[in-house]
Novice: 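I have a structure I would like to understand better, so I am pasting it below and will then ask my questions one at a time.
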There are 2 protein chains.
Amino acid sequence: MEWKKLFPNFEPELVELIEKNAVQRSFNAGDIIMRTGQYIKSTALVLEGQIKIYRENPDGGEFLMYYLGPGQACAVSMICAIQSTTSEIMAKAEVESEVLMVPVQLMDDMMNKYKSWYQFVIQTYRSRFDELLSVVDNIAFRNMDERLEFYLKRHAEKTGKKTFEISHQEIADDLHSSREVISRLLKKMEQRNLVKLHRNMIELV
Amino acid sequence: MEWKKLFPNFEPELVELIEKNAVQRSFNAGDIIMRTGQYIKSTALVLEGQIKIYRENPDGGEFLMYYLGPGQACAVSMICAIQSTTSEIMAKAEVESEVLMVPVQLMDDMMNKYKSWYQFVIQTYRSRFDELLSVVDNIAFRNMDERLEFYLKRHAEKTGKKTFEISHQEIADDLHSSREVISRLLKKMEQRNLVKLHRNMIELV
DNA sequence: AGTTACCTGTGATATTGATCACAATACAAA
DNA sequence: TTTGTATTGTGATCAATATCACAGGTAACT
């Protein structure tokens with residue numbers, strides 16, 4: 001598996017170190033990779049697939065925060081790993097995914113020795129923080145119709161596909177809304193010629 | 001100024017380095033310390049006062065994310081400084097505040113040399129990330145009444161005071177709501193004996 | 001073909017919060 | 001004391017969204 005190509009800035013020595021110590025794991029669509037309250041023993045680098053990072057509400061709600069794709073890493077797992085504290089979020093494989101688990105014991109050492117790792121970690125924090133900011137923006141300032149459009153657009157960008165296999169109920173869960181509202185808003189978008197609706201599938205135009 | 005006491009874990013060498021290179025700045029209540037789109041040239045350590053970190057919406061809205069108090073640092077300024085990118089948030093002094101500005105050029109060096117600084121940076125990322133998560137939780141899962149209670153409780157915790165000098169309008173701005181709504185909810189809280197309302201002042205019971 | 005389990009569409013109604021309008025109050029300055 | 005200004009209280013109304021109720025469609029399995 002040519003995982004190095006996903007992290008082209010890592011120096012050869014670092015690549016070697018990771019290769020020696022990390023474990024590659026496969027997840028099926030729907031598998032939970034990390035759950036709220038769990039202790040984290042390694043940092044996750046995504047090689048393939050798509051990981052959904054979301055927040056769970058005790059009284060039964062989910063809320064999508066962002067997706068991780070190949071070449072990205074979970075900022076929360078980095079921080080938790082370093083501090084050996086528990087995670088506050090859930091991570092689920094959206095599709096079949098491959099993840100490289102780098103043991104936490106290496107983290108300190110890698111941060112010191114490898115500039116490229118240090119940069120990568122900082123870059124990861126930065127991106128996730130920004131994504132969280134845009135999530136806050138959306139729920140604080142936007143109505144559901146705009147949030148839905150943003151949601152679909154983001155998905156298209158992430159996957160590069162213009163079809164999206166998902167039910168209205170799942171979208172409602174991600175946006176913490178209700179199925180009926182999403183159905184109605186999608187209908188309106190269809191009337192505006194932004195999407196075409198099918199069963200379990202939305203086509204972006 | 002005995003700023004070291006606020007950062008008891010910093011090694012003496014690190015303290016000395018900071019002392020030699022950092023600049024202490026004073027801000028009056030209401031001063032903007034950092035604005036959206038601005039390039040960041042130093043990392044801010046709060047020595048005294050209270051800094052409000054908030055998000056600004058192009059079409060005229062603010063949204064409070066969290067406060068920084070003495071001994072805390074701005075995670076955004078750290079990340080931006082390292083990457084020499086622009087900030088995506090606003091920082092404003094809520095009261096007279098003292099801030100230590102550590103030039104960005106030192107950051108890399110300090111991260112490598114001083115374990116205590118490294119730990120501090122990680123700890124800062126972690127805390128701010130968690131705070132952002134709880135912000136997301138609140139707006140995603142809670143109604144305004146709960147958000148208001150959380151807002152008041154958090155303020156009490158941060159300041160240690162049980163009185164809060166603020167107008168209903170300002171609270172509404174922080175929560176991105178409207179003055180009337182906040183007034184009504186506060187009245188209800190008063191009826192439940194959770195607060196006593198005065199002009200420009202709320203007393204927590 | 002019949003059954004079952006999901007999806008989707010749509011009306012009716014309820015709730016939350018935003019907005020408008022205006023009154024009442026409190027403090028400060030003249 | 002008067003006047004002015006900012007703050008607060010409150011009713012009425014509106015908009016967005018959640019919730020309930022139910023109908024019809026579509027795929028999957030027997």
Side-chain angles (χ1 to χ4, degrees), chain A residues 29-30 57 59-64 135-152 155 163-204, chain B residues 29-30 57 59-64 135-152 155 163-204:
Chain A
N57 184 19
D59 27 284
E62 290 188 4
F63 189 87
L64 168 70
V135 165
V136 170
D137 269 15
N138 277 313
I139 35 181
F141 299 134
R142 307 284 170 213
N143 286 347
M144 197 54 81
D145 51 351
E146 287 182 280
R147 288 175 53 200
L148 178 59
E149 286 186 40
F150 180 83
Y151 172 87
L152 295 173
H155 189 273
T163 62
F164 191 177
E165 290 189 24
I166 194 167
S167 73
H168 300 182
Q169 183 62 62
E170 289 174 282
I171 299 179
D173 291 343
D174 282 350
L175 297 176
H176 197 249
S177 174
S178 67
R179 202 261 316 156
E180 295 91 323
V181 170
I182 299 300
S183 285
R184 284 189 251 260
L185 291 176
L186 281 171
K187 261 276 159 280
K188 276 188 204 160
M189 285 182 71
E190 192 175 40
Q191 281 155 20
R192 289 195 292 145
N193 246 319
L194 299 173
V195 294
K196 276 183 194 161
L197 303 179
H198 311 268
R199 188 191 169 83
N200 263 319
M201 199 259 273
I202 295 171
E203 195 183 336
L204 310 191
Chain B
N57 183 21
D59 27 283
E62 289 188 5
F63 189 88
L64 169 69
V135 166
V136 170
D137 269 15
N138 278 312
I139 37 181
F141 299 133
R142 309 283 170 213
N143 286 347
M144 198 52 82
D145 52 352
E146 287 182 280
R147 287 175 54 201
L148 178 58
E149 286 185 39
F150 180 83
Y151 172 87
L152 295 174
H155 189 272
T163 62
F164 190 177
E165 291 189 22
I166 195 168
S167 73
H168 300 181
Q169 182 63 60
E170 289 173 284
I171 298 179
D173 291 342
D174 281 349
L175 296 176
H176 196 250
S177 175
S178 67
R179 201 263 314 158
E180 296 91 323
V181 171
I182 299 300
S183 287
R184 284 189 252 259
L185 291 177
L186 281 172
K187 261 276 160 281
K188 276 187 204 159
M189 287 182 69
E190 193 175 40
Q191 281 155 20
R192 288 195 293 145
N193 248 319
L194 299 173
V195 293
K196 276 184 194 162
L197 303 179
H198 312 267
R199 188 190 173 82
N200 264 319
M201 197 259 272
I202 295 171
E203 195 184 335
L204 310 190

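Note that this is a predicted model, so its numbers are computed, not measured. Sequence lines set the chain letters: A, B, ... in the order given, protein chains first and strands last, and positions in each chain run from 1.
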Novice: Roughly, in whole Å, what's the span from CZ in B:Phe141 to P in C:dT16?
Specialist: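 Atom CZ in B:Phe141 sits about 18 Å away from atom P in C:dT16.
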
Novice: Provide, to the nearest angstrom, the distance between the NE2 atom belonging to B:His168 and the C1' atom belonging to D:dT10.
Specialist: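 About 13 Å, once rounded to whole Å.
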
Novice: Measure from the side chain of A:Arg199, starting at C-beta and using heavy atoms only, and say which of C:dT10, D:dA27, C:dC27 lies closest.
Specialist: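 Nearest to the side-chain atoms of A:Arg199, counting from C-beta on, is D:dA27.
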
Novice: Should the pair B:His155 and B:Phe164 be assigned to parallel (<30°), tilted (30 to 60°) or perpendicular (>60°) ring geometry?
Specialist: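 Answer is parallel, since the angle falls under 30°.
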
Novice: Are there more than 12 heavy atoms of other residues, nucleotides or ligands under 6.0 Å from atom CD of B:Glu203?
Specialist: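 It does: B:Glu203 CD has more than 12 such atoms within range.
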
Novice: Is there a donor N/O on one and an acceptor N/O on the other, under 3.5 Å, for the side chain of B:Arg184 and the base of C:dG17?
Specialist: no

Novice: Mark yes or no for a side-chain to base donor-acceptor pair under 3.5 Å between A:Glu180 and D:dC20, with no hydrogen or angle criteria applied.
Specialist: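 Looking at the base of D:dC20, it does pair with a donor or acceptor on the side chain of A:Glu180 (distance under 3.5 Å).
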
Novice: Can you tell me how far P of C:dT8 sits from CD1 of A:Ile171, to the nearest Å?
Specialist: 8 Å

Novice: How many whole angstroms separate atom CD of A:Glu146 from atom P of D:dA16?
Specialist: 11 Å

Novice: Just call it for A:Asp145: base, sugar-phosphate, or nothing, with non-hydrogen atoms closer than 4.0 Å on any strand.
Specialist: nothing

Novice: Compare side-chain N and O positions of B:Ser183 against OP1 and OP2 of D:dT7 and report whether any pair is under 4.0 Å apart.
Specialist: no

Novice: So, for A:Leu185 and A:Met144, which heavy atoms are closest and what is the spacing to 0.1 Å?
Specialist: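 Shortest heavy-atom separation between A:Leu185 and A:Met144 comes out as CD1-CG, 3.6 Å.
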
Novice: How many Å lie between CD on A:Glu165 and P on C:dT8, as a whole number?
Specialist: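 The distance from CD of A:Glu165 to P of C:dT8 comes to 12 Å, rounded to the nearest Å.
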
Novice: Side-chain N or O of A:Lys187 less than 4.0 angstrom from OP1 or OP2 on C:dG9?
Specialist: yes

Novice: To check you understand the geometry: which heavy-atom pair defines the closest contact between B:Ile166 and B:Ile202, and what is its length?
Specialist: CG2-CD1, 4.3 Å

Novice: NA contact type, B:Ser167, heavy-atom cut-off 4.0 Å: base, sugar-phosphate, or nothing?
Specialist: sugar-phosphate

Novice: Please state how far atom CZ in B:Arg147 lies from atom P in C:dG17, giving the value in whole angstrom units.
Specialist: 8 Å

Novice: Choose from D:dT10, C:dT8, D:dT19 the nucleotide whose nearest atom is closest to any side-chain atom of A:Arg179.
Specialist: C:dT8

Novice: Atom NZ of A:Lys196 and atom P of C:dT8: how far apart are they, to the nearest Å?
Specialist: 18 Å

Novice: A:Asn143 side chain: which of D:dA16, C:dG17, C:dG11 is closest?
Specialist: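 Nucleotide nearest to A:Asn143's side chain: D:dA16.
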
Novice: Tell me, yes or no, whether the heavy-atom count around A:Glu146 atom CD, taken from other residues, nucleotides or ligands under 6.0 Å, exceeds 12.
Specialist: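 More than 12 heavy atoms, drawn from other residues, nucleotides or ligands, come within 6.0 Å of this atom.
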
Novice: Using atom CD1 of A:Ile202 as one end and atom P of C:dT8 as the other, report the distance to the nearest whole Å.
Specialist: 8 Å

